[in-house]
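Note: hydrogens, waters and symmetry copies are ignored here, and every other heavy atom, side chains too, is used. In what follows, chains carry the letters A, B, and so on, assigned in the order in which the sequence lines appear, proteins first and then strands, with residues in each chain numbered from 1.
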Protein chains: 2
Amino acid sequence: MDHDLPDFDLSRFLPYRLSVAGDRLSAGLARRYRAEFGISVAEWRVLVHVTDAGEVSIRDLERRVNLEKSKASRAATRLAQAGYIRKAPNPADRRLLCLSLSEKGRELMSRLLPIASAYQARLEEIIGDRMSELEAALEIMATSELD
Amino acid sequence: MDHDLPDFDLSRFLPYRLSVAGDRLSAGLARRYRAEFGISVAEWRVLVHVTDAGEVSIRDLERRVNLEKSKASRAATRLAQAGYIRKAPNPADRRLLCLSLSEKGRELMSRLLPIASAYQARLEEIIGDRMSELEAALEIMATSELD
DNA sequence: TTGACATCGTTGCAATCGCAACGAAACTTG
DNA sequence: CAAGTTTCGTTGCGATTGCAACGATGTCAA
């Protein structure tokens, strides 16, 4: 061989570590939500945002909960079909959708939210006093210019 | 409505935050690797592990770099087809593959690795002294029992 | 007002995904 | 050694993905 390659440790590479940890954190909850309620991660995000924002468009979902618009659209369609949300045109701007939580959706969320909160609490407990630094780092990574 | 739902802030929910930050961190590098070298994230992981482990099986990839085996298999097939790795049966156990870096692969890595290292350095710079706590938290999340 | 342009949500499509099933090879047990 | 079991990598398949294209609607300037 003509020359050695530089050392590189994948296990310390941040994009990799975040991906592994993120997949792992999502997997537990996702499995449970899927098994018990038939809800995917995308659908969960739609539900959460509709729950606390009230009336929501596809564009809102794209911007606020990081869902690519076709993904948001399909998740919303499934949720509407399952009766968890209502889907109406926004009368003030008929390009926009107006998604809102149905009564059935409210019932669902009253079961989903405590599970998520408990999961979060468990994570915070495990992470302990590193939490504030972790949050700061996540905030930076989610917002800094990277290129 | 018969009762209020508990408050829940998705923007503070760790599985969500990790997913957003992870996607974002991967996206920059992935775009560049794809555009300049035609390499996907899965292929990049295979290359890294083959580069520093030498001879590698699909099972190794699954366990060491978190690639589901069919994904690892297809990534390895593409890399072999492109001439970046060799793919031979392991003579000591013919169920196993023996993947190794080709000369062409070595050349590729001599260009890929510095880019990744620079990216990591940039991230460490941005994150500053929160880095050690971040690493500790990631380690915990990647290994703790969650259920 | 009209025509050019921008925005929004949906959908077609090819690529990718993950899971299960499978054949081949290697162990295990009797 | 034979039969049953486990491990490994591949592949078939239905589901999901992201992107681009599109129709519908809204905005803006001439």
Can you name the closest pair of heavy atoms from A/Arg130 and B/Ala137 and give their distance? CD-N, 4.0 Å

Closest to the 5' end of DNA chain D, once A/Asn90 and A/Ala42 are matched to their nearest nucleotides, is A/Ala42

Between A/Ser73 (side chain) and A/Lys69 (backbone), is there a donor-acceptor pair under 3.5 Å? no

Could you check whether any side-chain N or O of B/Tyr33 sits under 3.5 Å from a backbone N or O of B/Leu112, counting only pairs where one atom can act as donor and the other as acceptor? yes

Expected output: side-chain A/Ser19 to main-chain A/Pro15 donor-acceptor under 3.5 Å: no

Nearest heavy-atom pair of B/Val65 and A/Tyr16: which atoms, and what distance? CA-OH, 3.3 Å

For B/Lys69 and D/dG9, is the shortest distance between a side-chain N/O and OP1 or OP2 below 4.0 Å? no

Minimum heavy-atom distance between A/Arg59 and A/Leu96, given as atom pair plus value: NH2-CD1, 3.9 Å

For A/Arg86, side-chain contact (heavy atoms from CB on, under 4.5 Å) partners two or more places apart: A/Ser100, A/Ser102

For B/Arg34, answer base if it contacts any base atom (sugar-phosphate contacts may also be present), sugar-phosphate if it contacts only those atoms, and nothing otherwise; contact means non-hydrogen atoms under 4.0 Å. nothing

Can you name the nearest heavy-atom pair linking B/Ala116 to B/Trp44, along with the distance? CB-CH2, 3.6 Å

Nearest-Å distance for atom pair CG/C1', residues A/Leu67 and D/dC19: 16 Å

Per the under-4.0 Å heavy-atom filter, residues of residues 48-62 of chain B near DNA chain D come out as B/Ser57, B/Ile58, B/Arg59

Per atom distances to the A/Arg74 side chain, the nearest of D/dG9, D/dC19, D/dG26 is D/dC19

A/Glu68 CD to D/dG18 C1', straight-line distance once rounded to whole Å: 6 Å

Range on DNA chain C touched by chain B, heavy atoms, distance below 4.0 Å: C/dC17 to C/dA26

Are B/Leu97 and B/Asn90 side-chain neighbours, meaning at least one heavy-atom pair lies under 4.5 Å? no

Output the rounded distance in Å from NZ (B/Lys71) to P (D/dG9). 18 Å

Select one nucleotide: of D/dA24, D/dT11, D/dT17, the one nearest the side-chain heavy atoms of B/Ser70. D/dT11

